[in-house]
2 protein chains.
Amino acid sequence: MTSLRDVAARAQVAVSTVSAALNGTRPVAAATKLRIEQAARELGYRPNLLARGLQSKRTRILALLFPPPAGGFGPTGMGFATAAAEAAKELGYHVLLSPESAAPVEELRHLTGLGLVDGVLLMEVRLDDERPAFLARAGVPFAMIGRTRDPEGIDYADIDFAATARQAVAHVAGLGHRVLAFVNSPAAAFEAGYGPAVRSSAALATAAREAGLDYVDGGHAGSREEGARALDALLDVRPDVTALAVMGDRAAAGVLAAAARRGLRVPDDLTLLLVLASARVAEIFHPRLTTLEPPSAELGRLGARMLIDRLGGGGPPRQRLVPCRLVTGDSSAPPRTGAAS
Amino acid sequence: MTSLRDVAARAQVAVSTVSAALNGTRPVAAATKLRIEQAARELGYRPNLLARGLQSKRTRILALLFPPPAGGFGPTGMGFATAAAEAAKELGYHVLLSPESAAPVEELRHLTGLGLVDGVLLMEVRLDDERPAFLARAGVPFAMIGRTRDPEGIDYADIDFAATARQAVAHVAGLGHRVLAFVNSPAAAFEAGYGPAVRSSAALATAAREAGLDYVDGGHAGSREEGARALDALLDVRPDVTALAVMGDRAAAGVLAAAARRGLRVPDDLTLLLVLASARVAEIFHPRLTTLEPPSAELGRLGARMLIDRLGGGGPPRQRLVPCRLVTGDSSAPPRTGAAS
DNA sequence: CTGTTAGCGCGTTCAC
DNA sequence: GTGAACGCGCTAACAG
């Protein structure tokens, strides 16, 4: 562990001069500066982050809070995390992975009290999330990936559900469909106020109406079995549905299975859209599903950048909405003529 | 930010006494101790990790190194990370997420030079990985999730490929199959010495031989297209193959598609096994695939524990192998009588 | 049993 | 342009 002092000794200068030379805090003669840099290089000097943080009150460490394993999107969580960590690294920051327990606020109080992190990045934000309120009150800088019901004044990056829904509707309407149904994530997620669950259905309904399509609520499903039941229930009531969006890969698998069981072929008899799943996952379905891929990496990056900018100073809150990417698979096609009543 | 001094002032004692009382470093009179604890509670005191780390040379922070996004297992990476972070938290440690760039060793040199982390947890270890050697030389404590070709003397937790392969072979042999083929991950991964790719095929071949089964090398595939081609190539040469293990979900999707195209039904005409994919993923296939689910969470936990134990003191290196869990889906069945020549 | 002192490695005043 | 001194919050010596 070579320290500033070692470098100073080797370069024959005072410690403070080395600090100044390396940080550019104050002017240092070119010659001595060179000597110092050389000495630092030879010794493989690395500033001790702890000492620096202790002194400067800035650790350049961000906490990334993520919920218990089973929650929400699943695989895409990793996308946020790695992208955020990478973006942070580019800006000279580190990311601390903080798994959340049952008592998120207590957890946060503890974590932020340690003086270890400069700010917090929130994932899986619910509409009425209590964490933002706590952090704001505690004066801890933070940003959200996702957003609360009323996120005014808070930095966040979230999916642009409205644009995404319009995209989806345009896709199916362009193919000639007149009716769009949607099977949402499990009721529990919806009732918990989980953003994507609540906003997806609302946005799809609105977009469909605006485009003159008939929107049908296909209920909720989380498992394969529930997905199958959802399709059955849906078609029993609305046999005129020719296009269906599904949130959640397992539910989609169930829908596909139930469709096959009913003798419906995808995409000939039914157009299927996966909502908020990666193209990688959409591709393992048969047929390959058309999907609205969430911009996980982009959101992670944005979240990290926003938070770091915020640490740097004031400025108005930044709020970014990014639409999903429509990746066309083999599950979309024009409706069968005469399928609708 | 309330500090030790504040607590000391409030409790009318010296700073060092507070430290001692809170850490149990040295005996403190019960009465004063109580007073101190009360004061600390009232002030909401949290020890500053930076100051503590600076003094004690132990930050209680672990770095979790993970490779660039696209690599290896994919989704399961998150399993390692969250489990490791949770296990660490239970033991009073934090986990720093460190994305790895193209120059892993330089990266490590930098990271460990910062004095920020006590130890390093390595993921996605290759057989001839250079990182363990560097860390050992640098005297940085570390543990691996996965293992090198010769991991003697190093702490690691890895998949028990031999046991997993025996399990797979027993499964198909128990159904009556006599021939087992294996489509491995992309050639690039194999040639890079990526542990799971290399060890899976070797273990399956050995296990098959021991059980008296015929083992057939089905080549490599990473994408859906490659998976399809792999099946075609395989069956052209060995039409007697009735059981097939595939590593990688996209490749498996291709195999399934190619099988359908050839008029082969799964599981009636072909038994399909997914290797090293989560049950969650296996479930979205149609039919539900039988899978060997990697013990990601368990490995993450073990890795974190081992590393922390190592920091605590010496002791012999701990090396743990954990088999995958066989989750039976709807893709395994007895071979069609007369299918083999 | 408790208080005083020193120092972890760094940045930042100040004098010079 | 440079150096000496102080303090960030904490732990670990040593006195008392």
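Just so we're on the same page: letters track the sequence lines, and every chain starts at 1. The figures that follow rest on heavy atoms only: side chains count, while hydrogens, waters and symmetry mates do not. Bear in mind that the values here come from a model prediction, so they are computed numbers and not experimental data.
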When the side chains of residues 132-143 of chain A are checked against the rest of the protein, which donor-acceptor pairs come out under 3.5 Å, sequence neighbours left out?
none

Where each pair must be Watson-Crick or G-U wobble with both distances under 3.5 Å, what dot-bracket representation of DNA chain D is obtained, with crossing pairs in [ ] and other-strand partners as |?
-> ||||||||||||.|||
Mind listing the N/O atom pairs, protein and nucleotides 4-8 of chain D, below 3.5 Å?
residue: D/dA4; atom: N6; partner: A/Ser16; partner atom: OG; Å: 3.2
residue: D/dG7; atom: N2; partner: A/Gln55; partner atom: OE1; Å: 2.7
residue: D/dC8; atom: O3'; partner: A/Lys57; partner atom: NZ; Å: 3.2

At the 4.0 Å heavy-atom cut-off to chain B, mark where contacts on DNA chain C begin and end, going 5' to 3'.
-> C/dC1 to C/dG9
Least distance between heavy atoms, A/Ala304 atom then A/Ala88 atom = CB-N, 4.4 Å
Do any side-chain nitrogens or oxygens of A/Thr17 fall under 4.0 Å of OP1 or OP2 in D/dG3?
-> yes
Of all residues at least two apart in sequence or in a different chain, which pass the side chain to side chain donor-acceptor pair (under 3.5 Å) check with A/Arg131?
-> A/Glu100, A/Asp129
Show the numbers, then the answer: is there a side-chain contact (heavy atoms from CB on, under 4.5 Å) between A/Leu111 and A/Leu116?
-> CA-CA 8 Å; A/Leu111 182 66; A/Leu116 186 57; 5.6 Å; no
Under the side chain to side chain donor-acceptor pair (under 3.5 Å) test, residues paired with A/Arg149 that sit two or more places apart = none
Nearest nucleotide by nearest heavy atom, which residue falls closer to the 5' end of DNA chain C, B/Val28 or A/Asn23?
-> B/Val28
Sorted by position of nearest nucleotide on DNA chain C, 5' first, the leading residue of B/Lys33 and A/Leu50 is B/Lys33
d(CG, B/Leu4; C1', D/dA12) in whole Å | 13 Å
Hits for salt bridge (charged side-chain N to carboxylate O under 4.0 Å, His left out) against A/Asp309, two or more places apart or cross-chain, chain-then-number order -> A/Arg318
Residues pairing under salt bridge (charged side-chain N to carboxylate O under 4.0 Å, His left out) where one sits in residues 21-30 of chain B, two or more places apart or in two chains, turn out to be none
Can you pull the salt bridge (charged side-chain N to carboxylate O under 4.0 Å, His left out) pairs that have at least one residue in residues 106-122 of chain B, sequence neighbours excluded?
-> A/Lys89-B/Glu107, B/Glu106-B/Arg109
Expected list for residues 27-38 of chain B: side-chain donor-acceptor pairs under 3.5 angstrom, two or more places apart:
residue: B/Thr32; atom: OG1; partner: B/Ala29; partner atom: O; Å: 2.8
residue: B/Arg35; atom: NE; partner: B/Ala11; partner atom: O; Å: 3.2
residue: B/Arg35; atom: NH2; partner: B/Ala11; partner atom: O; Å: 2.9
residue: B/Gln38; atom: NE2; partner: B/Glu42; partner atom: OE2; Å: 2.7

Among all residues two or more places apart in sequence or in another chain, which pass the side chain to side chain donor-acceptor pair (under 3.5 Å) test with B/Arg310?
-> B/Asp155
Check whether any side-chain nitrogen or oxygen of A/Thr32 sits under 4.0 Å from OP1 or OP2 of D/dT2, and answer yes or no.
-> yes
With sequence neighbours excluded, tell me which residues meet side chain to side chain donor-acceptor pair (under 3.5 Å) with A/Arg126.
-> A/Asp128
